[in-house]
Amino acid sequence: MCSIIGYCGPAADFDAFQRGFRRTASRGPDDSRVIRAGEGLLGFHRLSIMGLTRAGMQPFERDGSYCVCNGEIYGFEALRRELEEKGYGFQSGSDCEILLPLYREYGVELFAMLDAEFACVLYDGGTGEFIAARDPIGIRPLYYGYDRNGVIIFASEPKNLVGIAEKIMPFPPGHYYKNGKFVCYRDIARAERICRDGMDAICANIREKLVAGVEKRLVADAKVGFLLSGGLDSSLVCAIAARRSGKPIRTFAIGMDTDAIDLKYARRAAEYIGSDHTEVIITRQDVLDSLETVVELLGTYDITTIRASVGMYLVCRAIHRRTDIRVILTGEISDELFGYKYTDYAPDARAFQEEAEKRVRELHMYDVLRADRCISVNSLEARVPFGDLDFVEYVMSIDPEKKQNKYGKGKYLLRKAFEGDWLPESILWREKAAFSDAVGHSLVDDLKEYAEGRYTDEEFERLRQRYGHARPFTKESLLYRELFEKYYPGQSEMVADFWMPNRSWAGCDVDDPSARVLANYGGSGL
């Protein structure tokens, strides 16, 4: 996945800088380098995915300018050919080597040109300034803070900045930083126009654009694998990849040893698409033993994110330990675009669209954060086809009247788009189940029971009052907050709040984020 850091001026404490940067070495275990750039520092931990030779090692340098980038730039070959025609030479097969020439040609306009998931820090040797940017969804992580002398520092994870910056915040997706300001170059959540296509055209576009999003993410010089829960989203990604692959793809599913829901569906999907399938079975003790590790690697106290991350972390750990796979494709971001169980309660189409915009803008703090950390901590790279920019832009533009669940089945447009022989009917039309629940209802139940045993009612009420921002409201949320504060003291504002259904909607005023508590959960847990 790689890890980057940019100290944009003289380091107030070089030893603290080095300690902080080493905390994310697992993101890039293949090589590591720190160089001086002007008065500042640029650092890079490398996970080799594209351009596997030593020549692909960063920071890249060109005429006194430097760049570090954690990212994948899709279709970079065409951009590279254009640059070569303008006289630029290249030393590696790395996609990120094109960034400095693009900056030379287009300045900060280059970021809007990229079809990519990326975070980068660039030093302009001509002006002596540092520039940073992040992709429009925030699939690749980037954080920032200021040292005691007011120097800004950018880094892949907040743990890089603990002990250096007083306040750590996420770099806003779709922005670049220049001359001390964050500038939005693309707001992917806001539709510039409403698409009035008919149902057949909508479904055809959804299918074609998602297929294209998967195909471009299969390109890697390292081995690729797939997370397969047996739910609609991951199953579609796997089905598309299986059709485009010359040999069986490798899929991985995880479940509790007592009541796994997903495993049977994942097995059914794997058999249908002919994948080389692996099941990872976990126990209550595995869940509890990994909890503190998961909170530390995530850098969040959010209930939903932590619950869902336990299974994801453990399956990715198994992939890392047992295989030589380096790239993992996942099914995140579909829910934000097409709807959750709770968005069935949206009072009207406008409310549905506004909620989708909010969720897409917040992805980098929740589902995308989960996928990045659980995968990268195990020295793997996450790729998210539902986050393809062309796909997201189109789905966000579809008339929300058509996206609302008026069909008796959530995500109807996505399901309808892949009718045919892509998946078994039982998978294509399977009811939505939250990942943490579908790994096994006992996973969430075990976490809640464990938290309940940690505090008396009196202790819970006293301890929760310590926190003004995002105050814990259950014993489980208090447990997670206390673990978070152990590793990220005073940094709760890195996350806006708890991921919860929209409490202002009838039927959604609940105290648990699990869809299990909603009246429309129905057959989701079967």
Side-chain angles (χ1 to χ4, degrees), residues 1 24-30 47-49 217 220 222-231 233-235 237-238 241-242 247-271 273-298 305-332 367 369-384 433-444 446-447:
M1 194 63 129
T24 52
S26 65
R27 294 184 68 94
D30 296 334
L47 178 68
S48 302
I49 301 296
R217 285 163 178 79
K223 292 185 178 180
V224 179
F226 302 80
L227 298 187
L228 175 59
S229 70
D233 309 326
S234 65
S235 296
V237 170
C238 292
K247 60 181 180 179
I249 64 171
R250 295 196 65 179
T251 55
F252 300 85
I254 190 165
M256 295 292 288
D257 60 345
T258 55
D259 60 351
I261 299 167
D262 271 350
L263 286 181
K264 63 180 179 181
Y265 292 103
R267 196 178 305 130
R268 189 176 303 168
E271 290 172 355
I273 66 175
S275 68
D276 177 2
H277 189 58
T278 299
E279 295 181 349
V280 177
I281 310 299
I282 56 175
T283 67
R284 179 181 189 275
Q285 198 58 50
D286 292 328
V287 171
L288 297 182
D289 287 348
S290 66
L291 178 60
E292 184 166 342
T293 297
V294 166
V295 174
E296 190 270 336
L297 70 90
L298 289 172
T305 307
I306 293 168
R307 287 177 179 176
S309 293
V310 172
M312 194 172 211
Y313 164 72
L314 291 171
V315 71
C316 291
R317 188 179 70 178
I319 293 169
H320 172 66
R321 290 178 175 179
R322 303 177 193 176
T323 78
D324 57 354
I325 285 170
R326 285 296 189 96
V327 177
I328 295 292
L329 269 68
T330 76
E332 272 75 27
D367 278 13
L369 179 148
R370 165 171 56 86
D372 174 83
R373 303 300 195 280
C374 294
I375 292 173
S376 67
V377 77
N378 288 296
S379 301
L380 304 167
E381 173 172 293
R383 294 187 180 178
V384 190
F435 177 64
S436 54
D437 288 330
V439 169
H441 281 180
S442 61
L443 185 152
V444 173
D446 289 341
L447 289 170

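Quick note: numbers below take in every heavy atom, side chains included, and nothing from hydrogens, waters or symmetry partners.
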Taken to the nearest 0.5 Å, the spacing of Asn378 CG from Arg373 CZ works out to 13.5 Å

If we count only N and O atoms by modelled type, under 3.5 Å, do the side chains of Ser376 and Arg27 hold a donor and an acceptor together? yes

Could you list the residues that satisfy side-chain contact (heavy atoms from CB on, under 4.5 Å) with Asp30, not counting sequence neighbours? Leu47, Ser48, Arg326

So how far is it from Ser234 OG to Phe252 CZ, rounded to the nearest 0.5 Å? 13.5 Å

Could you check if a side-chain atom of Ile328 sits within less than 4.5 angstrom of a side-chain atom of Glu381, using non-hydrogen atoms only? no

Arg267: what forms a side-chain hydrogen bond (donor to acceptor under 3.5 Å, both in side chains) with it, not counting sequence neighbours? Glu279

Counterpart residues, side-chain contact (heavy atoms from CB on, under 4.5 Å), relative to Pro248 (two or more places apart): none

Nearest heavy-atom contact between Ala253 and Ala266 is CB-CB, 3.7 Å

d(Phe226 CZ, Ile319 CD1) to nearest 0.5 Å is 11.0 Å

Between Leu227 and Leu329, is the side-chain contact (heavy atoms from CB on, under 4.5 Å) condition met? List the steps. CA-CA 6 Å; Leu227 298 187; Leu329 269 68; over 6 Å; no

Residue list, side-chain hydrogen bond (donor to acceptor under 3.5 Å, both in side chains) with Thr330, at least two apart or on another chain: Glu332

Residues that Asp259 engages under side-chain hydrogen bond (donor to acceptor under 3.5 Å, both in side chains), provided they are two or more places apart: Ser442

Heavy atoms of Leu288 and Asp446 approach each other most closely as CD2-O, 4.3 Å

Testing the 3.5 Å rule here: is there a donor-acceptor pair between the side chains of Ser26 and Ser379? no

Spacing of Arg321 atom CZ and Cys316 atom SG [to the nearest 0.5 Å]: 12.5 Å

Return the minimal non-hydrogen interatomic distance between Val224 and Ala220, and the atom names on each side. CG2-CB, 4.1 Å

Any chance you could measure Thr293, atom OG1, to Arg317, atom CZ, to the nearest 0.5 Å? 8.5 Å

Please name all residues satisfying salt bridge (charged side-chain N to carboxylate O under 4.0 Å, His left out) with Asp276, sequence neighbours left out, ordered by chain then number. Arg250

Begin from the C-alpha positions of Lys223 and Val327 and carry the test side-chain contact (heavy atoms from CB on, under 4.5 Å) through to its verdict. CA-CA 6 Å; Lys223 292 185 178 180; Val327 177; over 6 Å; no

Got a sec, which residues hit salt bridge (charged side-chain N to carboxylate O under 4.0 Å, His left out) with Glu271, two or more places apart in sequence or on another chain? none

side-chain contact (heavy atoms from CB on, under 4.5 Å) partners for Ser275, two or more places apart: Ile249, Thr251, Ala270, Ile273, His277

Sorted by chain and residue number, the side-chain hydrogen bond (donor to acceptor under 3.5 Å, both in side chains) partners of Arg322 (sequence neighbours excluded) come out as none

Met256 and Ile281: CA distance, side-chain angles, deciding distance, side-chain contact (heavy atoms from CB on, under 4.5 Å) verdict: CA-CA 6 Å; Met256 295 292 288; Ile281 310 299; over 6 Å; no

Among residues at least two apart in sequence or on other chains, which ones pass side-chain contact (heavy atoms from CB on, under 4.5 Å) with Asp286? Ile282, Thr283, Leu314

I need the Arg268 CZ to Leu228 CG distance, nearest 0.5 Å. 12.0 Å

Please answer whether the main-chain N or O of Val294 pairs with a side-chain N or O of Ser309 as donor and acceptor at a distance below 3.5 Å. no

